[in-house]
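Below you'll find the structure, written out as structure tokens, and then a few comments.
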There are 2 protein chains.
Amino acid sequence: MPIPENHDPFKRSISHVLEIIGEGWSLLIIREAFFGVHRFEEFQSQLGIARNILTARLKKLCETQILERVPIKEGAKRHEYMLTSKGKELMPVLIALTQWGDRWIFGENAEPVIFMDREHNEPIAKIKVRSARGGDLRPREIMVVPGPGSTPESKKRIEEMHRRLESGVDA
Amino acid sequence: MPIPENHDPFKRSISHVLEIIGEGWSLLIIREAFFGVHRFEEFQSQLGIARNILTARLKKLCETQILERVPIKEGAKRHEYMLTSKGKELMPVLIALTQWGDRWIFGENAEPVIFMDREHNEPIAKIKVRSARGGDLRPREIMVVPGPGSTPESKKRIEEMHRRLESGVDA
DNA sequence: AGATAAAAGTTTTATTATAAAACTAAATGT
DNA sequence: ACATTTAGTTTTATAATAAAACTTTTATCT
């Protein structure tokens, strides 16, 4: 569990996200939710996750507002777990992971599942990193600069990074 | 650690990916590699990771061909860890995660770092799920169908999912 | 209405992974 | 050649996860 004790915002930018959704099962639970699974027992049987762990994960995902406990119907005490907008916006992450796996683990013609554009009934596009103008960006065409949430410390870190990348025929 | 004992390809499609890069530190190591960190000591000091864990993660990332051990120079026995193409193609995942965190954890005007289009010197676009035609897709405009790597079992699972999604005012 | 079962968790115990720190061997710079 | 990095091991302590049995509340059936 990655919790760097220094609170450098530079590091927080991904590691803090991973604290929330990086724990083994979390993304799988979120994926099941996308696929219409909402109840404790269903998550459990679909994933084969230990029930105490499922309890802990659902709790955390609710606390972080990725899932929401809603009563199963008007005034019921039993409830189900629904994705919030915050949770739904993890779709690109999930699809990017899946597409990477399709390409590099299963192979282009052995995808277990295909994501389809429902309206046009054809596969969705590959997720890509694009410039504001819309063109594809390759890793070396991307660089990183301090944002409004940066600190002197993180600025130093980024400068160091630039020096590193300039010096080698790198990345 | 998510290793569902049933080998349903439907489940494997993300969980198998997570077995490779889902372990706490892995993505952080990969991110450091993108930022020009390549040596054991540097990974260790940047991340504050325990050295035995770093050893294990680097080993696994090499075994899975995300990183590659290359001699530091011609014929040297000491080496460094470089991203392979397979590793580099995780960029969209990393950026999607970061952008999600910027939006939902740090807030739109408090991003620790900004990814820039180097050539045009402006922030990159937000990563989105798009149709083959290029338009944005919202979660409910996406559906899932069995791919060439599916099995009867996974097909059943997907049908079940469709039933579920049709029946409720869902997701 | 009452019995039966299912749903949604707890609790307990065992196993496994992670962290921290000290240690070691090889490779490099001076 | 010698001191210092570098890149790891090893050991021990701590924390997370898994499996299984147990509890309690809510549905379902007759």
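What you see below is based on every heavy atom in this structure, not just the backbone, and it leaves out hydrogens, waters and symmetry mates. To find a chain, count down the sequence lines: A is the first, B the second, and so on, and within it residues start at 1.
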* Return no unless some side-chain N or O of B:Arg39 is found under 4.0 Å from OP1 or OP2 of D:dA7. => yes

* Asked: Does A:His79 make a side-chain N or O approach to OP1 or OP2 of C:dG9 shorter than 4.0 Å?
  -> yes

Without decimals, in angstroms, what is the distance between [X] [atom1] and [N] [atom2]?
| X | N | atom1 | atom2 | result |
| --- | --- | --- | --- | --- |
| A:Gln44 | C:dA8 | CD | P | 11 Å |
| A:Asn52 | D:dA20 | CG | C1' | 10 Å |
| B:Arg78 | D:dT5 | CZ | C1' | 7 Å |
| A:Arg69 | C:dA7 | CZ | P | 17 Å |
| A:Lys77 | C:dA8 | NZ | P | 14 Å |
| A:Ile72 | C:dA6 | CD1 | P | 16 Å |
| A:Ile53 | D:dA18 | CD1 | P | 5 Å |
| B:Glu41 | C:dA26 | CD | C1' | 13 Å |

* Structure fact -> Testing D:dG8, D:dT17, C:dA20 for proximity to the side chain of A:Arg57, the answer is D:dT17

* Which of these nucleotides, D:dT9, C:dA19, D:dA21, is closest to any side-chain atom of B:Trp25? -> C:dA19

* Asked: For the residue pair B:Phe43 and B:Tyr81, does the interplanar ring angle fall in the parallel (under 30°), tilted (30 to 60°) or perpendicular (over 60°) class?
  -> perpendicular

* Measuring from A:Arg57:CZ to A:Glu23:CD, what's the distance to the nearest 0.5 Å? -> 4.0 Å

* Can you see which heavy atom on B:Ser26 is nearest to which on B:Ile21, and at what distance? => CB-O, 3.6 Å

* To do: Remember a base hit wins even if backbone is also touched, and classify B:Tyr81 as base, sugar-phosphate or nothing at under 4.0 Å, heavy atoms.
  => sugar-phosphate

* To do: Answer with yes or no whether the hydrophobic clustering places B:Ile105 together with B:Phe115; edges join I, L, V, M, F, W, Y residues whose side-chain heavy atoms lie under 4.5 Å apart.
  => yes

* To do: Give a yes or no on whether A:Met161 and A:Met143 share a hydrophobic cluster (residues Ile, Leu, Val, Met, Phe, Trp, Tyr; joining criterion: side-chain heavy atoms under 4.5 Å apart).
  => no

* When the nearest nucleotide of DNA chain D is assigned to A:Ile49 and to B:Leu58 on a heavy-atom basis, which residue is associated with the more 5' position? -> B:Leu58

